[in-house]
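Just so you know, these numbers come straight off a predicted model, no measurement behind them.
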Amino acid sequence: MNICIVGVGAIGGFIGARLATNHKFIVNALARGKSLAALNKHGWRLEQEGELIQRPCVAVESASDLGVQDIVVIALKTPSLSQVLPTLAPLIDENTLVISAMNGIPWWFFRDLETQSNHPFQSVNPKGANGRAIPYKNIIGLVVHAAAVRSEPGIIQHKAGNRLLIGEPEGGKSDRVQALTDILNKVGFDCNHSSSIRSEIWYKLWGNMTMNPISAITGATVDNILQDPLVRKYCSAVMNEAAILGEKIGCQITEDPESRHKVTEKLGAIKTSMLQDVENGNAIELDSILGIIYELTQRLEIESPNIESLFGLTRLFATTKGLYGRKET
C-alpha cells in the first residue's frame, strides 16, 4: 500500500511515522527544505515514551515524482492549502482515499451550504479553489485528539493523547472508513469510526477556538488562560455563541463550557499550536479556527459579539506581526 503524507509538521509526522511501522506500507512524504532533507536522510523519526521510532521514508517536493497513492493524508497548515492542494492531482485517482487531518474547519465542511448559495466561504475555500482541487467523493474526515511537537525538522515528539476519529463527510458508516479505522488501530492509534464526523470536527473546534487565539495574543499556556477568572468567563461567552451556531448547522453541542474547561485544564501547561506558530514566526491558522466561525455568523446573520471581538483582536495581532495574509473580500 502506498501512502503519502502532505504536511510533515507535528501531526503529519506523527501519523506518518506510526503508519511506517507497518512494513507492508510505503509511507512517502511531500515536503520542502530542511524537512525534505531530514526525511530523506533519516526517515520518519518519532520520539515517544523514551523510545525513538525510525522508519524509511521517500520524501519529494513534487507530487508528480510519486504518482498515484492508495491513501493521501493532508496535514497541512491552513495558510498553505490554496497553494498546495491544486498540485496534488498526480497523487489521486478515483480510488485514492484523501484524509483531511487538520486544525479547525476543513475546506470541504460547508460544501452543501456553499452549493446552495453558490457562495464559497473565503476563509477556508477562497473562490471555491480548494473545493475544486480535491474530488469530494475521495475525502475522508479525521479528528486528531493528540498533542505532538516538531522539535526540529524531521523529528516529532509525541506529548499526549492517542485518539483519532474518522468518518465520511456525509455521515453514516462505510466499508472504506472501517478499513482505514482498522489500519490506524493496527499501528497503535485508538481510532474510532464515527457516523457523524462533522459533529466531531465542530466539537473539537468548540473546545480550542478560544485557547488557540488567546494563547497567540497573550503568549500564555492553556493552564494560565483558564486560571484567570475573567478570561475563563470570556472563553465561555465565545463558546456559548458557537454552540448556537452549531445548532443551526446540525452540529449540536450537548456540553456546557465549564465542563469543557475542566477537561482542558487536565492538559496542564501546554502551548497551543497557534502559540507555537507565533513563537516560530509562522503564519497562524486563524481562518480555519476562528475566521470561518466569524464568516458563518455573517452568513447566518447571528449576532455574536464575543466571537467578533476575539477574531478582530487576533487578526489585528497577527496582521501586525506579519503572520496573517488573507485580505477581506
Side-chain angles (χ1 to χ4, degrees), residues 7-15 34-35 47 75-81 101-106 123-124 143-153 155-161 201 203-239 242 257 260-294 306-307 309-326:
V8 289
I11 296 302
F14 178 41
I15 294 173
K34 293 181 179 179
S35 294
E47 296 178 353
L76 291 166
K77 295 284 189 179
T78 309
S80 303
L81 277 181
M102 302 162 53
N103 273 336
I105 298 296
S123 49
V124 296
V143 179
V144 180
H145 289 286
V149 298
R150 186 175 67 168
S151 57
E152 63 181 79
I155 298 184
I156 308 301
Q157 295 178 334
H158 177 216
K159 295 295 186 180
I201 290 170
Y203 176 75
K204 182 181 178 182
L205 177 70
W206 184 70
N208 69 23
M209 65 180 290
T210 53
M211 297 298 109
N212 267 287
I214 290 173
S215 69
I217 294 172
T218 64
T221 51
V222 165
D223 58 333
N224 287 331
I225 289 171
L226 290 175
Q227 284 169 8
D228 187 301
L230 295 180
V231 179
R232 190 181 185 114
K233 183 178 179 180
Y234 179 60
C235 290
S236 295
V238 172
M239 293 167 73
R260 183 63 181 169
H261 295 333
K262 290 177 181 177
V263 173
T264 304
E265 281 179 315
K266 295 178 181 179
L267 299 175
I270 67 165
K271 293 183 178 181
T272 68
S273 60
M274 198 176 283
L275 176 55
Q276 291 178 52
D277 281 336
V278 169
E279 292 181 342
N280 293 324
N282 298 325
I284 64 173
E285 296 185 281
L286 181 59
D287 280 335
S288 65
I289 290 176
L290 197 54
I292 181 60
I293 306 303
Y294 169 70
N306 294 292
I307 289 174
S309 62
L310 183 56
F311 176 58
L313 287 168
T314 312
R315 183 177 61 183
L316 178 60
F317 167 82
T319 301
T320 302
K321 296 290 186 180
L323 304 179
Y324 182 68
R326 182 168 67 95

Run Ile270 and Leu267 through side-chain contact (heavy atoms from CB on, under 4.5 Å) and show every step you take.
CA-CA 7 Å; Ile270 67 165; Leu267 299 175; 3.7 Å; yes
Roughly how far, to the nearest 0.5 Å, is CG of Asn208 from CE of Met211?
9.0 Å
Less than 4.5 Å apart, side chain to side chain, heavy atoms only: is that true for Leu290 and Leu310?
yes
Phe311 vs Tyr324 aromatic rings, parallel, tilted or perpendicular, using cut-offs 30° and 60°?
perpendicular
Taking salt bridge (Lys or Arg N to Asp or Glu O under 4.0 Å) as the cut-off, I'd like each qualifying pair that reaches into residues 221-232, sequence neighbours left out, listed once.
Arg232-Glu258, Arg232-Glu265
So does Ala220 get a backbone contact from the side chain of Asn224, meaning a donor-acceptor N/O pair under 3.5 Å?
no
Quick check against the 3.5 Å criterion: does Lys204 have a side-chain atom that pairs as donor or acceptor with the backbone of Val144?
yes
So, for Gly7 and Leu76, which heavy atoms are closest and what is the spacing to 0.1 Å?
CA-CD2, 3.9 Å
Reported CG-to-CG distance for the pair Asp287 and Asn103, which is rounded to 0.5 angstrom
13.0 Å
For side-chain contact (heavy atoms from CB on, under 4.5 Å), just list the numbers for Ile105 and Leu205, CA-CA rounded to whole Å, side-chain angles, deciding distance to a tenth of an Å, and then say yes or no.
CA-CA 7 Å; Ile105 298 296; Leu205 177 70; 3.7 Å; yes
Would you check if the side chain of Trp206 reaches a backbone N or O of Ala242 as a donor-acceptor pair within less than 3.5 Å?
no
Please determine whether side chain to side chain donor-acceptor pair (under 3.5 Å) holds for the pair Ser123 and Tyr294, giving the CA-CA distance in whole Å, both sets of side-chain angles, and the decisive distance to 0.1 Å.
CA-CA 9 Å; Ser123 49; Tyr294 169 70; over 6 Å; no
Take Met102 and Leu81, measure what side-chain contact (heavy atoms from CB on, under 4.5 Å) needs, and give me the verdict at the end.
CA-CA 10 Å; Met102 302 162 53; Leu81 277 181; 3.3 Å; yes
Heavy-atom nearest pair, Val278 first then Ala216, reads CG2-CB, 3.9 Å
Looking just at side-chain N and O atoms, do Ser35 and Arg150 make a donor-acceptor pair shorter than 3.5 Å?
yes
Rounded at 0.5 Å granularity, tell me how far CD1 in Ile289 sits from CE in Met209.
10.0 Å
With Thr78 via side-chain hydrogen bond (donor to acceptor under 3.5 Å, both in side chains) - residues at least two apart:
Glu285, Ser288
Could you check whether any side-chain heavy atom of Ser236 comes within less than 4.5 Å of a side-chain heavy atom of Arg260, counting everything from C-beta outward?
no
Ile155 side chain reached by Glu47 side chain, heavy atoms, under 4.5 Å:
yes
Which pair of non-hydrogen atoms, one from Thr320 and one from Leu316, has the smallest distance, and what is that distance?
OG1-O, 2.7 Å
Pairwise distance OG1(Thr314) to CD1(Ile217) - rounded to 0.5 angstrom
3.5 Å
Drop me the distance from Glu152's CD to Gln157's CD, to the nearest 0.5 angstrom.
9.0 Å
Please assess Arg315 against Leu286 for the test side-chain contact (heavy atoms from CB on, under 4.5 Å), listing each intermediate value before the final yes or no.
CA-CA 7 Å; Arg315 183 177 61 183; Leu286 181 59; 3.9 Å; yes
Minimal heavy-atom distance between Leu323 and Asn282, with the atoms involved, is CD2-O, 3.5 Å
Tell me if a side-chain donor or acceptor on Asn212 pairs with a main-chain N or O of Met274 at a distance below 3.5 Å.
yes
Pro106 to Ile201 - nearest heavy-atom pair and separation
CD-CG2, 4.0 Å
Tell me the closest heavy-atom pair linking Cys235 and Ile225, and the distance in Å.
SG-CG2, 4.3 Å
Does any non-hydrogen side-chain atom of Tyr234 lie less than 4.5 Å from one of Ile214?
yes
For Lys271, check salt bridge (Lys or Arg N to Asp or Glu O under 4.0 Å) against everything at least two apart and list the hits.
Glu279
